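Heads up: the structure comes next, in structure tokens.
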Amino acid sequence: MTVAVNTEETGKKIAEAIPGSVVSSEAGSLTVDSKSLAQVSEFLKNTPGLEFDYLTVLTAVDYLHYFEVVYRLVSLKNNQSLILKTRVYGRENPTVPSVTDTWRAAYYQEREIFDLLGIKFEGHPNLKRLLLWEGFNGHPLRRDYL
Amino acid sequence: MKFERYGTGIVKGMALTLKHLFRAPITVQYPDEKLNISRRTRGNELVWFPEKCTGCGTCTKACLQGNIILVTHRGEESKFIVDKFELDSGRCIFCGLCVESCPYNALAMGLSYECAKYSRKDLVLSKERLAVSNDHQPSAYYRPQFDDQLPDQSLLLYDRDKGGQKLKFLPLSKRKRGSGA
Amino acid sequence: MTLLDQFQLILKTAGWPEWAVYLTPAIVGILIIIIFVLTVVIVFIWWERRLISRFQIRLGPNRCGPEGILQPIATAVKILLKEDIVPEKADKLIHFIAPIIVFVPILLIFAVVPFGEGAILVDLNVGIIYVIAISSISVIGIFMAAWGSGNKYSYISGMRSIAQMVSYEIPVVLSIVGIALVTGSFSMIKIVEAQSIPFILLQPLGFLIFFLGSLAEMNRSPFDLLEADSEIVAGYHIEYSGMKFAMFYLGEYGVALAYSGIITTLFLSGWQGPLLPPILWFIIKVMLVFSLIIWMRATLPRLRVDQLMSFAWKFLLPMAVINLVVVAVEVLVLPAGLQWVMVILNFGLAAVLILLWSKLFTLGGGRVEV
Amino acid sequence: MPIKTEQFYLNVGPQHPSTHGVFRLRLSLDGEVVTDVEPIIGYLHRGIEKLAESRTYTQIIPLTDRLDYLASMTDNVAYCLAVEKLAGIKIPERAEYIRVIFSELMRISSHMMAVGFYLNDCGAFFTPVLYMWREREKIIDLFDMVCGQRLLYNYMRVGGVSQDVPDEFLPAIKKFVAEMPRYIGEYNQLIKQNEIFLARSKGVGILPKETAVNIGASGPVLRASGVKWDIRKMDPYSIYDRFDFEVPTGEAGDCYDRYWVRIQEMTQSLRIIEQAINQIPAKGPICSEVPQFFRPPPGETYGYIEAPKGNLGFYIVSDGSIAPYRLHIYPPTLINITALKDMMIGWKVADLIIIFGSMDVVLGEIDR
């Protein structure tokens, strides 16, 4: 059984290592500050006891006044999972650091989010539209796209 | 990569294809021979029973294509009278959700599967076209009451069994060689 | 004395002018051969489609005519009625000539194929060398088609074709030399007449090499890299349609017929056989060889280009050389009457060599080095 | 004088017999050797995620059919599991077993297509495909019998399945399970030891274990690389903890291993089906009461299953209305093709085709 790790404990661990990164760690998911995402992802991947080496779903949700980027991490070794979230505000040019260096699984998913929701991923090697063509106007999965 | 089996793998494979040379072909020559389709088939041309329909419009809400057009007016005893019941089978995706949602068993999926028409206009099915007729029968999808009237499905699984359920072919209309249709 | 020579003699005695005596039999003979070849090619197309579908538990074409025998004609009519499309960026002249250059040499091969006793257009004393020489010309045609189409897939196909044809020519020729050593002649008629025992028994290894080599020469599975449907779509004839495509299509089956005929002549004792008339024996044997080719096509996957090359150079070529040396020694040492000893010796040799070479033969992990 | 050379670009697709759909690979070639690969996708994008935002939860099920159209049944299962997780719906015992049987049948059918067309890409002229289709037709007959369609099943419902199986279903599937091992043996006899096939596929397109995990590969692609990770085993959803089966893994992570893992998984699926047939309750409800336009509580959930092609997940955000606020589909094949570049560079055009074939890509799922 893949066990969801206790987010509060993990949140404490991360907060110790990278101060000011954890925004909330309510039951079920862990929300981190988008600025420290790169460090947090490195920490989650390399810390013994966590070792989240396997990124499954990476998606984003448009809550109109902010975007929430969701990462579901799995540790194949310890058979545990964690839902990591980060929030990004503003609709014009939302930017989140890319995690492709840590997990290459994010490569296409970040491109897809950029394509459909218009969130930029800083540090992504090839941030182009994935499903729609270059020059498409707008980002269809935003709630205000008609 | 080393060749260590001296070609025995190739010989085995060739033996198998040779064995298949003497097996019966699985082809069913469609317009001439027709297999019995499933009794629950979600076939073409919805069947609509006007006497059961109350005009409630559940099916129109259930359709994810927004494809069913239903126009009613109030008749005597404030019952709905259906003026127009129409759907475009060119846009229908045959999901069967309308049949599933109908609380009065007034809809059923059709049994036919030859949907080609010569013009797009013919694809729009009106009230008259949707009613039951000789060549327009309901299937048993979500309507188990029709189940007994329909012929058994011909399963390829029982193809060459002795004594089992044989492949059943629908009666051939005049079989013409080489006509193709 | 061939049938044509007899025909000439008849005309001469009838008092025809000298030019007509030479020209009439030649034209009649050529017409007969072309008609025969085209008919058999049509039968071949039908036979391949029917047989391969039975290997694949399908029915195959069965609508046109009895058992679908007229399907190739229907296909031909369809192809001929199609628009002839020439790509804008194609090299028009080369694109136009290429199908002819592919098709004509294949017809030329039939000049020296003996269909029966004396039923040969011309009994060249270098018959088999002529076949090898003429059939190599189609490679140029294929390359021209590949280049002239201006399509990148056909470029790849053209490059593959040159490499493949040139490599496989060598083992094929070497295995033929083995036969020439036994018969002492390159003439096709002489070769057939020398086969009291079919050469497939006398030289099993030579047959294997020639068969595999000719499979590669006529681009049949598992060496059908030129057309590789799943990789380079249709290879060199990707940009052809209409009549030009029909030329390639006929050429493909024509070369299959030609090589089946040559294999029959060289290794299966040609038209010889008891009871039935010679021409029937010839056709039966050709059909058998062609059915074997179809059977292989129905079963085997395709080799990769570097594996194909290493198969030719590392497997077939050394074996062909050893085979040649062994046959030469046997012909020198053994008296002519002791051919059965040669059969046993050669079968043993073939088995040992194949086992040995299978152990030694590697494909280098499939990486780039060829 | 140096010879002037220039890069040879080749577009494989969008229309190409071996791209299994409308997929485009932009290759840079050096002779026949691949030096760069750029997959270009999106030709089949239908915006299912956007469509789902204006459909009710039930109406989305037919849309999920159109994701991986060779394994529609598992798509339905994945979606329904996610919604049930979101709304906390329990499903009846018999429905659970029916779901398992159909998921595993779907897995066999999907693997047959994958293996058959992989062998076709290797150059075996349609023979393996047709032999496998013979059995796939039988599976599809069973689907047809139960849900009335052969490709887009729309069978699973939130809370169970749409209709109970007819009486002739169980004898038919018993017969299928009984005769299937013989046919799998035939497939093996046909090609498994074929020298040409081995030369073509062994050691070709190696996906190392670390890369496979890092790119988030799943399904047979991940397992062929030697990672024993099957969600049915590691995180049993539905009732998979009641069945006894093994998770086949490969060693080298090459094309041959991916082929062989799929063949072995077919055998394991048959084992699961056999156990499920023996355990299935004879009668009982097949769907719990769920209203047609039901409103799950606000919240979010991620439901995932082991689909034939890998880890298929649905991320659903509900705002308490009849339609999901956001539906995200996690498609396994999109993630798997991240590795294409690593696997293809340095190989020849012919290898590229079979590497792509061994990934078992369905474009309906990648482009959504």
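Note that these values count all heavy atoms, side chains included, but never hydrogens, waters or copies made by symmetry. Model, not experiment: these values are computed from the prediction. Every chain is numbered from 1 and lettered A, B, ... according to where its sequence line falls, protein lines coming before strand lines.
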Problem set entry | Options D:Ile354, D:Val12, D:Leu352, ranked by heavy-atom pairs under 4.5 Å with chain C, top entry | D:Val12
Problem set entry | Interatomic distance, C:Arg302 atom CZ to D:Ile353 atom CD1 [nearest 0.5 angstrom] | 9.5 Å
Exercise. At what distance, to the nearest 0.5 angstrom, does CD1 of C:Ile156 lie from CZ of D:Phe8?
Worked result: 5.0 Å
Exercise. Which atoms of D:Leu119 come close to chain C, meaning under 4.5 Å heavy atom to heavy atom: side chain ones, backbone ones, both, or neither?
Worked result: neither
Exercise. Rounded to the nearest 0.5 Å, what separation is found between the CD atom of C:Gln56 and the CH2 atom of D:Trp133?
Worked result: 11.5 Å
Seminar exercise, completed: Checking heavy-atom separations under 4.5 Å from chain D, one finds in residues 141-155 of chain C C:Lys152, C:Tyr153, C:Tyr155
For this session: Count the heavy atoms belonging to other residues, nucleotides or ligands that lie under 6.0 Å from CZ of D:Phe126, then report whether that count exceeds 12.
Result: no
Exercise. Roughly how far, to the nearest 0.5 Å, is CH2 of D:Trp347 from CG of C:Asp306?
Worked result: 9.0 Å
Exercise. Hey, is CH2 on C:Trp46 packed in by over 12 heavy atoms from elsewhere, all under 6.0 Å?
Worked result: yes
Seminar exercise, completed: What one should report as the nearest heavy-atom pair of D:Cys122 and C:Pro301 is O-CB, 3.7 Å
Problem set entry | Separation of D:Leu190 CG from C:Leu300 CG (nearest 0.5 Å) | 9.5 Å
For this session: For residues D:Thr127 and C:Thr299, determine if any side-chain heavy atom of one lies less than 4.5 Å from a side-chain heavy atom of the other.
Result: no
Problem set entry | From CD (C:Gln307) to CZ (D:Arg200), nearest 0.5 Å | 6.5 Å
Problem set entry | Interface residue of largest heavy-atom contact number with chain D, from C:Arg58, C:Met159, C:Arg297, under 4.5 Å | C:Arg297
Exercise. For the candidates D:Leu130, D:Thr19, D:Val129, which exhibits the highest count of non-hydrogen atom pairs separated by less than 4.5 Å from chain C?
Worked result: D:Leu130
Seminar exercise, completed: Heaviest contributor of heavy-atom pairs below 4.5 Å to chain C, chosen from D:Ala124, D:Gly357, D:Pro128, D:Pro17, is D:Ala124
Exercise. Relative to chain C, which segment of D:Asn194 carries a heavy atom at a distance below 4.5 Å: side chain, backbone, both, or neither?
Worked result: side chain
